Amino acid sequence: MQAPRVRFAPAPTGYLHVGSARSALFNWLFARRHGGQFVLRVEDTDESKKSQEFVDAIVEPLRWLGLDWDEGPYFQSQRKHLYDVAIQQLIDGGRAYFCDLSAADSQRLSAEAGLREGYHGWSRDRNVADGDGVVVRFRVPDKGSTAIEDLIRGRVEVAHDTIDDFVIRRGDGSPVFFLANAVDDHDMGISHVIRGEDLLNTTPKVKLLWEALGYGTPPRYAHLPLLVNEQRKKLSKRRDSVALSEFMADGYLPEALLNALALLGWGPPDEVEIRPMAEIVSLFSLEVVNKGSAYFDLVKLKHINNAYIKALTPTEFVEAVAPWLPAHYDLGVVEALAGEVQQRISTLSEAPGWLDWLFVDEISEYDEKAWTKAMVKGRAADRVLAELVGVLETDPFNDSGRLEASTFEVGNRLSEELGARVMSQAPLRVALTGSGAGIPLWEAMTYLGKERTLSRIAAARSRLAG
RNA sequence: GCCCCGUUCGUCCAGCGGCCUAGGACGCCGGCCUUUCACGCCGGUAACACGGGUUCGAAUCCCGUACGGGGUACCA
């Protein structure tokens, strides 16, 4: 294949969401796979939508994901002169005309004529003069049809009599998406248009304009299956929380998110799902992309993110997780315990939940269920804690193996004395961490230190007594 | 309403006429490991929407039905 040129062309309507990110990714994958170029174009034809803030909301997440573009961003708002020329060309060639009718006018005329709702070329022969508030409409051929050969869906054909003469220039003079799309894709030499299926219906319109403008061979099209929510509806910014910024804030790794997104609508032939992006690039193929919509499952995303987190070296992990840690955390301690934390979290934001007990002065709150189980119902819990104080008082706290052995020794000794199994780790854990579940105690205790260990045991004993 | 698209385990993906008594992953269930929680390992659960064709042979091709979705704007 000749080096393709593809583009990601979002409208700056607020934040970037995962559906858009997936479209960007598939364009990027296709470009990288075939040694082509990836162009970024902001479709801000509607002036009211344009805002630097919204542009940042597109660019920043793309950078974070690592979807680097080779050209752009281009802004349609800065290319109006090109659209004006194209529109004039269509008017001069009799392919477009002025119209001053409102939606209500059109609706009334349709009703009076007994036709279906829609615009039925009402102003085609009215010779409306251009002016403020006057739009330009494209004259869709009465007969025939327009077909596209979609790389994913095959032939899609739409009869012209089902397409109304659509607006290509608004009353305020700004171009509409269809027109700007055709002009830009032609001007930028786009060879493949890869986007969501929600745009499939617009493609014949763009192709009609393309032909009317004498642009020659149009780009190849590929319409990706939609990403849907649990109700199988198209992901919506309103209903669904899908902002890329949220995934960033929750502590997903960009590589993991990209890997997960690549698996929606596409799968590698060897069925190995979690793998480096370089491999995905070399395996990627547009032709085998699925046709059915896909539900973006957060549970699976978390699994993938966990896999990526576990693969980090301790140093890498500390660097990645640092933004989620309170400033008073000792990063050296975090690094030493990294592996234990990594296997327990699916997002970076969960890390403090496993570490916080190491960086506070005392336990202010105990998990009641764990307390009851280990302290109240746990056999001889107070005896265990009392004995533990005895052995730990003289322990140098520099050897995790020794701390572990000493703890179990207390449990075993009491088991023998009482003739029933006595657990020593459980009450110690609750006393030190306030919780019944957590990372292994022993190495962590060397960082917690003797002083805090003994004071926490004392606090637990007095709570038990009270 | 009209136009367009789609339909393999609960979810995501593999399958592109015989290798399929349909494979992998997530989830779920069970077990091993473990004096916490996890990780890891082992095993199990579960699907070709339905009906007609075509063919020696169909999850794979064709038609229809049902269901789902998208579009129908001076949004993109």
Side-chain angles (χ1 to χ4, degrees), chain A residues 9-13 20 43-46 48-49 76 99 101-103 116-119 133-137 150 152-154 156-159 161-164 166-178 180-181 195-204 223 225-226 228 230-234 260 262-274 287-288 290-304 306 310 339-345 354 370 373-374 404 407-408 411-412 415 421-430 433 435-441:
Chain A
T13 55
S20 309
E43 306 225 313
D44 53 349
T45 62
D46 187 346
S48 64
K49 287 179 179 171
Q76 289 186 330
C99 173
L101 265 26
S102 68
R116 66 169 165 78
E117 260 186 75
Y119 184 90
V134 172
V135 305
V136 176
R137 288 181 181 272
D150 192 275
I152 294 170
R153 277 150 225 288
V156 177
E157 187 172 359
V158 179
D161 59 14
T162 66
I163 306 175
D164 293 339
F166 52 93
V167 172
I168 58 176
R169 193 205 70 187
R170 300 187 184 92
D172 66 1
S174 65
V176 168
F177 155 75
F178 310 105
N181 227 255
R195 39 147 55 156
E197 195 200 343
D198 52 343
L199 294 171
L200 183 55
N201 292 287
T202 72
T203 305
H223 287 90
L226 253 24
V228 298
E230 271 180 292
Q231 287 74 240
R232 307 233 68 129
K233 304 253 194 237
K234 178 170 90 160
L263 263 16
L264 297 174
W266 176 85
D270 61 7
E271 303 193 324
V272 177
E273 295 189 324
I274 299 176
E287 282 78 6
V288 302
N290 283 171
K291 299 179 179 74
S293 53
Y295 169 58
F296 185 41
D297 188 3
L298 228 47
V299 175
K300 181 136 183 179
L301 203 219
K302 287 188 175 185
H303 168 80
I304 293 174
N306 171 253
K310 276 187 299 204
E340 298 295 347
V341 177
Q342 285 168 271
Q343 63 179 261
R344 288 173 173 79
I345 61 174
W354 296 92
K373 189 174 177 207
E404 178 178 7
T407 302
F408 288 152
N412 295 151
S415 294
R421 191 78 188 279
V422 173
M423 304 297 207
S424 52
Q425 188 258 179
L428 211 217
R429 171 177 295 283
V430 173
T433 73
S435 165
I439 60 174
L441 248 21

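Below, read A as the first sequence line, B as the second, and so on, with proteins coming before strands; counting in each chain starts at 1. This is a predicted model, so every value here is computed, not measured. These numbers come from the heavy atoms of this one structure, side chains and all, not from hydrogens, waters or symmetry mates.
Straight-line distance from the CD atom of A/E117 to the P atom of B/G1: 13 Å, rounded to whole Å. With rounding to whole Å, A/R195 atom CZ is found 13 Å from B/G70 atom C1'. Distance, A/N201 CG to B/G6 P: 12 Å, rounded to whole Å. Rounded to whole Å, atom C1' of B/C39 lies 9 Å from atom CG of A/N306. In this structure, A/F166 atom CZ and B/G71 atom C1' are separated by 14 Å, rounded to whole Å. Atom CG in A/L199 sits roughly 13 Å away from atom P in B/G70 (whole-Å rounding). In this entry the distance linking CG of A/D161 with C1' of B/C4 reads 14 Å, nearest Å. Rounded to whole Å, the distance from NZ on A/K234 to P on B/A76 is 13 Å.
The phosphate of B/C13 has OP1 or OP2 within less than 4.0 Å of a side-chain N or O from A/N290. Contact between the side-chain N/O atoms of A/K291 and the OP1/OP2 oxygens of B/G69 is not found at any separation under 4.0 Å. At the phosphate of B/C74, OP1 or OP2 sits under 4.0 Å from a side-chain N or O atom of A/R137. Taking side-chain N and O atoms only, A/R232 has a distance below 4.0 Å to OP1 or OP2 of B/C12.
Counting any heavy atom pair closer than 4.0 Å across all strands shown, A/V176 reaches sugar-phosphate atoms only and no base atom. Across all strands shown, A/S424 has heavy atoms under 4.0 Å from base atoms, whether or not it also approaches the sugar-phosphate. Counting non-hydrogen atoms under 4.0 angstrom, A/E157 reaches the backbone sugars and phosphates but no base. Backbone-only engagement by A/A294 is indicated by non-hydrogen atom pairs under 4.0 Å involving sugar-phosphate atoms exclusively. Within the 4.0 angstrom heavy-atom criterion, no nucleotide atom of any strand lies near A/T433. In this structure, A/K233 reaches the sugar-phosphate backbone alone: every heavy-atom distance under 4.0 Å involves primed, P, OP1 or OP2 atoms, never a base. Counting non-hydrogen atoms under 4.0 angstrom, A/G196 reaches nothing in the nucleic acid. Nucleic acid contact class of A/F408 (heavy atoms, under 4.0 Å, all strands): base. Within the 4.0 angstrom heavy-atom criterion, base atoms lie near A/N412. When heavy atoms are screened at a 4.0 angstrom cut-off, A/G171 is found touching base atoms of the nucleic acid. Counting any heavy atom pair closer than 4.0 Å across all strands shown, A/P225 reaches no nucleic acid atom. Using a 4.0 Å heavy-atom cutoff across all strands shown, A/R344 reaches at least one base atom of the nucleic acid. Note on A/F178: a base of the nucleic acid sits closer than 4.0 angstrom, heavy atoms only.
In this structure, the side chains of A/R153 and A/L200 come closer than 4.5 Å at one or more pairs of heavy atoms. The shortest side-chain heavy-atom distance between A/K300 and A/I304 falls under the 4.5 Å cut-off. Side chains of A/V167 and A/R137 form a contact here, defined as non-hydrogen atoms less than 4.5 Å apart. Within the 4.5 Å cutoff, no side-chain heavy atoms of A/E197 are placed close to those of A/D150.
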Query - A/V158/A/T203 under side-chain contact (heavy atoms from CB on, under 4.5 Å): CA gap, chis, key distance, verdict - result: CA-CA 10 Å; A/V158 179; A/T203 305; over 6 Å; no
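Rounded to the nearest Å, the gap between the C1' atom of B/A38 and that of B/A14 is 31 Å. Rounded to whole Å, the P atom of B/A47 lies 14 Å from the corresponding atom of B/U8. When the P atom is compared between B/G51 and B/C56, the two are found 23 Å apart, to the nearest whole Å. With both ends at atom C1', the span from B/U7 to B/G64 equals 15 Å, rounded to whole Å. Taking atom C1' on both B/G68 and B/A49, the two are 11 Å apart, rounded to the nearest angstrom. The separation of B/G69 from B/A25, taken at their C1' atoms, amounts to 25 Å, rounded to a whole angstrom. Between B/A66 and B/U21, the two P atoms lie 32 Å apart (nearest whole Å).
With hydrogens and angles ignored, the 3.5 Å screen pairs a side-chain donor or acceptor of A/R429 with a backbone N or O of A/I439. A donor-acceptor distance shorter than 3.5 angstrom exists from the side chain of A/D297 to the backbone of A/V299, with no hydrogens or angles considered. Checking side-chain atoms of A/S293 against main-chain N and O of A/P225 turns up no donor-acceptor pair under 3.5 Å. Not one N or O on the side chain of A/T407 forms a donor-acceptor pair closer than 3.5 Å with the backbone of A/Q425. Remark: the backbone N or O of A/I345 is paired with a side-chain donor or acceptor of A/N306 at under 3.5 angstrom.
The partner of B/A14, taking Watson-Crick or G-U wobble pairs whose two distances both stay under 3.5 Å, does not exist in any strand shown. For B/G30, the paired base is B/C42 (Watson-Crick or G-U wobble, both distances below 3.5 Å). B/U60 is unpaired under the Watson-Crick or G-U wobble criterion, no partner having all donor-acceptor distances under 3.5 Å. B/U7: Watson-Crick or G-U partner is B/A66, with both key distances under 3.5 Å.
Among B/C74, B/U36, B/C5, the nucleotide with an atom closest to any side-chain atom of A/V156 is B/C5. Here the side chain of A/E43 is nearest to one of B/U35, B/C13, B/A76, namely B/A76.
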Report summary line: Contact string for nucleotides 21-28 of chain B, one letter per nucleotide 5' to 3', B = base within protein heavy-atom range under 4.0 Å, S = sugar-phosphate only, - = neither, reads --BBBSS-
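Projected onto RNA chain B by closest heavy-atom contact, A/P10 and A/I152 fall at different nucleotides, the more 5' of which corresponds to A/I152. Residue whose closest nucleotide on RNA chain B sits further toward the 5' end, between A/R429 and A/G154: A/G154.
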Got a list of protein N/O to nucleotides 62-65 of chain B N/O distances below 3.5 Å?
none

